[in-house]
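What follows is a single structure, written as structure tokens, with notes after it.
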Amino acid sequence: MTTTPSPRTARAAVAPGGLPVLGHAWQLHARPLEFLSSLPAHGDLVRIGMGPAQAYVVCHPDAAHQMLTDSRTFDKGGPFFDKARVLFGSSLPMAGWREHRWQRRQMQPAFQADRIQGYARVMGEEIDRMTARWRPGTRLDVSESLTNLTLRIVTRSVLAAEAEDSAVAEVQESLHLVIDGIYQRVMLPLGPLYRLPTAGNRRYRRACTRLHRAIDGIIAERRARPEGDDLVSMLLAAHDDDTGEPMSDKDVRDQLMVMIGAGFETTANTLSFAFWLLSQHPEAEKRVQAEVDGTLAGRTATPADLDQLPYTQRVISEVLRMYPPGWFFTRVTTTDTTLAGHPLPAGTALLYSAYLLQHRPDLFPDPERFDPDRWLPPSDDNVPRGAHVPFGGGNRKCIGDQFALIEMAMALATVSSRWSLRPDPDATLRIQARGTLGPGRLMMTCRPRATPPK
Ligand code: HEM
């Protein structure tokens, strides 16, 4: 499909348009996707200013691969990241490489293949629950419905909680505010201004408190039922290899908060974009429908069906390429090193963006075109390492990648076998690049498919 750009062209440059004091923070805030996509034209490592801080944006897939697979040299951290750490502590995505290895070992069993089969039953139940509420002609915000769906799935399956509607609404509402608040504080580093008693700051702090309270409720509930073998029980039973200390309640809360935070908006956004793109590409929609009609005939998809749904899976790969929900992340160098031929001292902040890499026209020709067949074998083998990284890479790769891929394929297939979602005639996509990349509000009308639901 593509060729890797020669690493010999690697060079560091400074992004144009930086402002005194703010640097490029304003561009990254006001038109982030356009700004990021413009950077590869300037070099393979491009320096930007984020307020007083500087960071290099990794624009070359080889450099992205090197950075992702050497997590000891390119560790989590950096000026943007430290702000999120205030909220999420030293949880899995935030932990430095040394602590991360131990934490990941504790949690990995909850994401092994045999566990995911169990979660798939919950996924199926929740997908059925959502579609059973729809009626012919129902007009709904698809993003909201899918966010409810994926939040119920992640709380029920990973946290082994029943997720009563009021608790789901509480976590969901506060999480949105918290994620937005973190995003704003990272992108517009206005320091003490965030401590002023403005309505926005008070809303953010209240949301943090409510979120903590909701998660503490889940921990208390699990402590009362200590025999469980779910993720919460694993965390409550974990002991540090060196010290033998268990995780504190706060550590467990931090882990659960990020797991919920990372595990629902990402999948909901990808599914929302998928339904939007299918509604705009009738040929692709027909192919999905033909495939699911042949395999499911209206019944709920299971993981065993997924091999029979290759086109549906290619749609998901293409949506993740066009609109990766995790659209940028940071790293910091722990030692003097070289990246893309450019020397970087210890403490250098780096930023990588799946959106940027996956929209390079030399890697993905005509990158704005929705073309699931880009992923037809063997062309998917030709994608250079580090070029398609919606789940990141190396040992910091998303722990929930298989969970998410199965959940999204089951939801896309099951919904498509029962309903066709039609957008309002004058609807346009308004992409929101905030804490995650999402489609915002997406009003669509449910039309029943000819295949009777089973
Ligand atoms: C479409 C869905 C998803 C996408 C695109 C996605 C993307 C990512 C990416 C890019 C990273 C690596 C970040 C970095 O390099 O700094 C990551 C890490 C992580 N993700 Fe996901 N994610 C998704 C779903 C999930 C789900 C469903 C869960 C949990 C149920 C989850 C939990 C996590 C956690 C805990 C980490 C940190 C892993 C570590 O540092 O070891 N994600 N995700």
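The first residue of the sequence shown is numbered 1, and numbering continues consecutively from there. As the structure is a prediction and not an experimental result, all values here were calculated from the model. Ligands are counted one by one from 1 in listed order, and the atoms in each one are counted from 1 as well.
Between His281 and Phe370, the two ring planes are tilted [angle within 30° to 60°]. Between Phe403 and Phe111, the ring planes lie perpendicular to each other; the angle is over 60°, past the 30° to 60° tilted range. Between His29 and Trp26, the ring planes are tilted. Angles from 30° to 60° get that label.
Between the side chains of Thr295 and Asp305, no donor N or O sits under 3.5 Å from an acceptor N or O.
Within 6.0 Å of CZ in Arg213 there are 12 or fewer heavy atoms belonging to other residues, nucleotides or ligands. Within a 6.0 Å radius of CZ in Arg101, no more than 12 heavy atoms belonging to other residues, nucleotides or ligands are found.
Between Asp249 and Arg253, none of the side-chain N atoms (NZ, or NE/NH1/NH2) sits under 4.0 Å from a carboxylate O, so this pair counts as no salt bridge. The residues Glu125 and Arg121 are annotated as salt-bridged, a charged nitrogen and a carboxylate oxygen being separated by less than 4.0 angstrom.
Contact annotation for Glu407 and ligand 1: no heavy atom of the residue comes within less than 4.0 Å of the ligand. Only the side chain of Tyr352 comes within contact range of ligand 1, with a heavy atom under 4.0 Å; no backbone atom does. Looking at Val154 against ligand 1, only its side chain comes within 4.0 Å, counting heavy atoms.
Atoms of ligand 1 lying under 4.0 Å from any heavy atom of Phe111, numbered from 1 in the order shown and given with element: 30 (C). Close approach of ligand 1 to Met259 is summarised as follows: ligand atoms under 4.0 Å from at least one heavy atom of the residue are 29 (C), 35 (C).
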Give the intermediate values and the outcome of side chain to side chain contact (heavy atoms under 4.5 Å, CB included) for residues Trp134 and Val415.
CA-CA 11 Å; Trp134 297 353; Val415 171; 3.8 Å; yes
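Shown are the protein N/O/S atoms under 2.8 Å from atom 21 (Fe) of ligand 1, given by residue and atom: Cys398 SG.
When Arg396, His100, Gln103 are ranked by how near their heavy atoms come to atom 41 (O) of ligand 1, first place goes to His100.
Residue Arg104 has at least one N or O atom closer than 3.5 Å to an N or O atom of ligand 1.
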